[in-house]
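Below: the structure, in C-alpha cells.
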Amino acid sequence: MIKSIPGTKDILPEEIIYWKNLENIVHQIFSNFNYKEIRTPIFEETILFSRGIGEETDIVGKEMYTFFDKGNTSLTLKPEMTASVVRSFIEHSLGKLQPLNKLYYISPMFRQERPQAGRQRQFHQFGCEAIGSNSPILDGEIIITAYRILQKLNLKDLKVKINSLGIPSARESYKKILREYLRNKLHLLSEDSRKRFENNILRIFDSKIESDIDVVKDAPKLIDYIDDESKKDFEVVKELLTNNEIPFEIDSKLVRGLDYYCKTTFEIISGKVGAQSALCGGGRYDLLIEQLGGPPTPGVGFAAGIERILLACKNENSTTLPEESIDIFIIRIDDELIKEVFNIADILRRGSLKVEIDYLGKSVKSQMREANKLKAKFVLLIGGTEYKYQKYILKVMKTGEQIELSANNFLELQSLIYQKISAY
RNA sequence: GUGAGCGUAGCUCAGUUGGUUAGAGUAUCAGGUUGUGGCCCUGAGGGUCAUGGGUUCAAAUCCCAUCGCUCACCCCA
C-alpha cells in the first residue's frame, strides 16, 4: 500500500469542518484589524531562507526541504513565512504604495524533522506581518489578534509569554555579561548547553535539563540590560495588553530561535497539546528587510501552528459545530425514474438547496435509511403511478408528516417545495 | 540524528501456561410481507494476525531481523 509521506497527513472530510471553522475565524479577525491576505509560492530560492532565517539556525541547518531544479538552482519548500512575505514586499515595492502594510496568510510549511504530537513535516500556519512601522502598538496588536483568534476558538488553557531581546547591540553586550557569569559554571552545564555557550548562548535558557535550569536560574536577565528604547517600547506593549484584557507573563527566558528577532518576542502556549506546547510565536524584526536587500523598514509578525491549535481544541473539547445535514433527499420508488429524479434535483440545487439522490439503485427502505443518515430535513418521494399524474409526496422527516404536491412541471414543483419547506 | 513503546477486520480492541476453522463492539451492505427513516431484530461481506526467518508435533502467542506507526529528546508552530 502506498502511504502518505511520514510527517504528512490527509485531512479527511470529517476534520475539514474544523479547519474551515478555524480559517473563517482567522479571516474574520484579521479582517477586523484590516490586515490583507497575501499568498506566496510554496517554494523559493534557498538563499532567501538561509540569509533571512540565519545559517546557524536549526531550521536552515538541518530542517529544510531543499532540492535542485533542472536549471540547477537550489530551491527550498518554505519552512516559515516571514522571509517569503518580506521577499514579496521588497520585490513589489509594497512600501512605496503605502508606508504601512498589514499582511496575513494561511499556508502550508515544510520542515524535515522527526514527527511527534503537534509536529509534522508538512504543517500549516496562519500568521501576519505588519511591515513599515516601529510603533510598539503594532507589537501589541499582533499579540492581540493572535489571542482573539484563540479566544474565539474557545481555548481556555492559554498562557501568553512576552519578552524583549533589545536591539542587537544591547543584546551583544548582554551576551558578554552572561558569558562572564557562566564561564566558571561551565562544568555544571550539560554537554548541549556547553555547545550553546559557544554558538548561541541565549538558548541555554531553553534547556529542559534540570541542572541547566538550576545554573541559569540566578543569571543576569536580558530584560535588565536592554537599551532604553526597547525598554520603553516593552512598557507600551505591556500596557496595551493590560488595557485590552490580555493576561500575560514576562518570561525572561523566552528567546526565539530565529536570528532576525529583536525587541519584542512573544509566545502563546497551551497546556493541552503535549510536549510541543507553543501554539503561536513571533516578534519584531527591524533589520530583516534591509538584510534581504530592501529599504530599511521595521516589521513585526507572528506565526501560529494550525495543527497544534486544532489539537488543543480537540483536547479541550472547545469546539461544537452544527451537525451537517442536507435539505432534501429525493427517493424514487421505481428505479426507472432516475433521470427524472436527477432533473428535479438539479432544479432544486440551482435554487441553492442541498439535495442528494440515490445512485446505487437501493430499495425504498434503504433510500429512507440513507436520507435519515444524511439528516435530510425533507424527503421527496416520487412514485410510479403518482408520477404519471404529476403527484409527489413531500415528507417532513422530523415529524413524519407527508404532504401531497401536485405540479404540472418541475419548475412548478420547485416553487411548491419552496413554499412548503419555508413553513418549517 | 538519539531514545522508548506499539503493530490482530475500515475504526476501537479481546484472544488463557503455545492447542480445533482467529473473535466482539462499531461501521458498511441486505432483509424484517404490496412503496417509507430513527429504536429494535436477523443475516452477509470484510483478516497474508505488519513482513521475513527461526524454535516446536503445533505459533496471533516464544526468539531474531526488517519495515511501519506513536511518543519523547534536539529544535520549533
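Note that the structure is a prediction, hence the values are computed from the model and not measured. In what follows, chains carry the letters A, B, and so on, assigned in the order in which the sequence lines appear, proteins first and then strands, with residues in each chain numbered from 1.
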Scan A:Leu279 against the nucleic acid and name what it touches under 4.0 Å (heavy atoms): base, sugar-phosphate only, or nothing. sugar-phosphate
Re B:rC76: Watson-Crick or G-U wobble partner, both distances kept under 3.5 Å, found to be none
Any idea which of B:rA72, B:rG37, B:rG35 is nearest the A:Ala275 side chain? B:rA72
Would you check if the side chain of A:Gln291 reaches a backbone N or O of A:Arg51 as a donor-acceptor pair within less than 3.5 Å? yes
Identified pairing partner of B:rU20, criterion: Watson-Crick or G-U wobble below 3.5 Å: none
Determine the contact category for A:Gly384: base if any of its heavy atoms lies under 4.0 Å from a base atom, sugar-phosphate if only primed atoms, P, OP1 or OP2 are that close, otherwise nothing. nothing
Using a strict 4.0 Å threshold on nitrogen-to-oxygen distance, state whether A:Lys217 and A:Asp214 make a salt bridge. yes
From B:rC76, B:rC75, B:rG3, pick the nucleotide closest to the side chain of A:Arg308? B:rC76
Quote, to the nearest angstrom, the P distance that separates B:rU8 from B:rC62. 15 Å
Can we say A:Glu401 and A:Lys420 salt-bridge, meaning some charged N sits less than 4.0 Å from an Asp/Glu carboxylate O? no
Does B:rA44 pair with anything, Watson-Crick or G-U wobble, both distances under 3.5 Å, and if so, with which nucleotide? B:rU28
When the P atoms of B:rG45 and B:rU55 are considered, how many whole Å apart are they? 37 Å
Students often get this wrong, so: under 4.0 angstrom with heavy atoms, is A:Lys362 touching a base, only sugar-phosphate, or nothing? sugar-phosphate
Heavy atoms from C-beta onward define the side chain here; which of B:rG1, B:rU36, B:rA77 lies closest to that of A:Leu381? B:rU36
So, does A:Glu129 use its side chain to make a donor-acceptor pair with the main chain of A:Val86 at under 3.5 Å? no
Distance check: side-chain N/O of A:Lys365 vs OP1/OP2 of B:rG37, anything under 4.0 Å? yes
Aromatic ring proximity, centroids under 6.0 angstrom, A:Tyr35 and A:Tyr104: no
Sugar-phosphate, base or nothing in reach of A:Gln120, heavy atoms under 4.0 Å: base
Side chain A:Lys395 and base B:rU36 donor-acceptor under 3.5 Å: yes
Would you mind classifying the nucleic acid contact of A:Glu113 as base, sugar-phosphate or nothing, using non-hydrogen atoms under 4.0 angstrom? base
Any base atoms under 4.0 Å from A:Gly127, or only sugar-phosphate, or nothing? Heavy atoms, all strands. nothing
Is there a Watson-Crick or G-U wobble partner for B:rC39 with both distances under 3.5 Å, and if so, which one is it? none
Should A:Lys373 be listed as having a side-chain N or O under 4.0 Å from OP1 or OP2 of B:rU28? yes
CG of A:Leu12 versus P of B:rC11: gap in Å, rounded? 12 Å
If you compare every side-chain N and O of A:Arg203 against the phosphate oxygens of B:rC76 (OP1, OP2), does one of them come in below 4.0 Å? yes
A:Lys375 NZ to B:rG37 P: how many Å, rounded? 17 Å
Starting at atom CD of A:Glu323, determine the distance to atom P of B:rG38, rounded to an integer number of angstrom. 17 Å
Does the side chain of A:Gln116 get closer than 4.0 angstrom to OP1 or OP2 of B:rA72 through an N or O atom? yes
Ranking B:rG1, B:rA77, B:rG38 by distance to the side chain of A:Phe123, first place goes to B:rA77
Taking NZ from A:Lys3 and P from B:rG10, how many angstroms apart are they, rounded to a whole number? 13 Å
Got a donor-acceptor pair under 3.5 Å from the side chain of A:Arg369 to the base of B:rU36? no
Name the pairing partner of B:rA4, where a pair is Watson-Crick or G-U wobble with both distances under 3.5 Å, or state none. B:rU70
Under 4.0 angstrom, heavy atoms only, what part of the nucleic acid is A:Gln402 near: base, sugar-phosphate, or nothing? base
Complement of B:rA58, any strand, by Watson-Crick or G-U distances under 3.5 angstrom: none
Looking at B:rG37, does its base get a donor-acceptor pair with the side chain of A:Ser366 below 3.5 Å? no
Is any N or O donor-acceptor pair between the side chain of A:Glu386 and the base of B:rG35 shorter than 3.5 Å? yes
Take the protein atom NZ of A:Lys253 and the nucleotide atom P of B:rC76, then report the distance between them rounded to whole Å. 15 Å
Taking any heavy-atom pair under 4.0 Å as a contact, classify A:Ile59: base, sugar-phosphate, or nothing. nothing
Report which part of the nucleic acid A:Thr385 touches: base, sugar-phosphate, or nothing (heavy-atom distance under 4.0 Å, all strands). base
Would the distance check show the side chain of A:Asp251 and the main-chain N or O of A:Lys161 forming a donor-acceptor pair, the cut-off being under 3.5 Å? no
Student check: side-chain heavy atoms of A:Thr66 and A:Ser74 closer than 4.5 Å: yes
Can you check the distance between B:rG19 and B:rU66, where both ends of the measurement are the C1' atom (answer in whole Å)? 29 Å
RNA chain B: A:Cys280 or A:Gly274, which has the more 5' nearest nucleotide? A:Gly274
What I want to check is whether an N or O donor and acceptor connect the side chain of A:Gln276 with the base of B:rC71 at under 3.5 Å. no
Which one is paired to B:rU33, where only Watson-Crick or G-U wobble pairs with both distances under 3.5 angstrom count? none
Nearest-angstrom distance, C1' atom, B:rA22 to B:rA9: 11 Å
Ignoring hydrogens and angles, state whether a donor on the side chain of A:Arg148 or A:Thr145 is under 3.5 Å from an acceptor on the partner side chain. no
Just to be sure I understand the rule, does A:Ala371 reach a base, reach only the sugar-phosphate, or reach nothing, if contact means heavy atoms closer than 4.0 Å? nothing
Pairwise C1' distance for B:rA24 and B:rG15, with rounding to whole Å: 10 Å
Euclidean distance, atom CZ of residue A:Arg332 to atom P of B:rG35 [Å, nearest integer]: 15 Å
May I have the distance from A:Ile269 (atom CD1) to B:rA77 (atom P), rounded to whole angstrom? 14 Å
How far does the P atom of B:rU26 sit from the matching atom of B:rC40, given to the nearest Å? 9 Å
Nearest-angstrom distance, P atom, B:rC63 to B:rU56: 16 Å
When you check the phosphate oxygens OP1 and OP2 of B:rA30, does a side-chain N or O of A:Ser363 lie under 4.0 Å from one of them? no
Interatomic distance where NZ belongs to A:Lys62 and C1' belongs to B:rG1 [whole Å]: 7 Å
Is any side-chain N of the basic residue among A:Glu23 and A:Lys20 closer than 4.0 Å to the acidic one's carboxylate O? no
Given that A:Ser4 and A:Ala303 both sit by RNA chain B, which one's nearest nucleotide is further toward the 5' end? A:Ser4
Distance between P atoms of B:rC6 and B:rA50 (Å, rounded): 14 Å
N-O pairing of A:Lys377 and A:Asp327 below 4.0 Å: yes
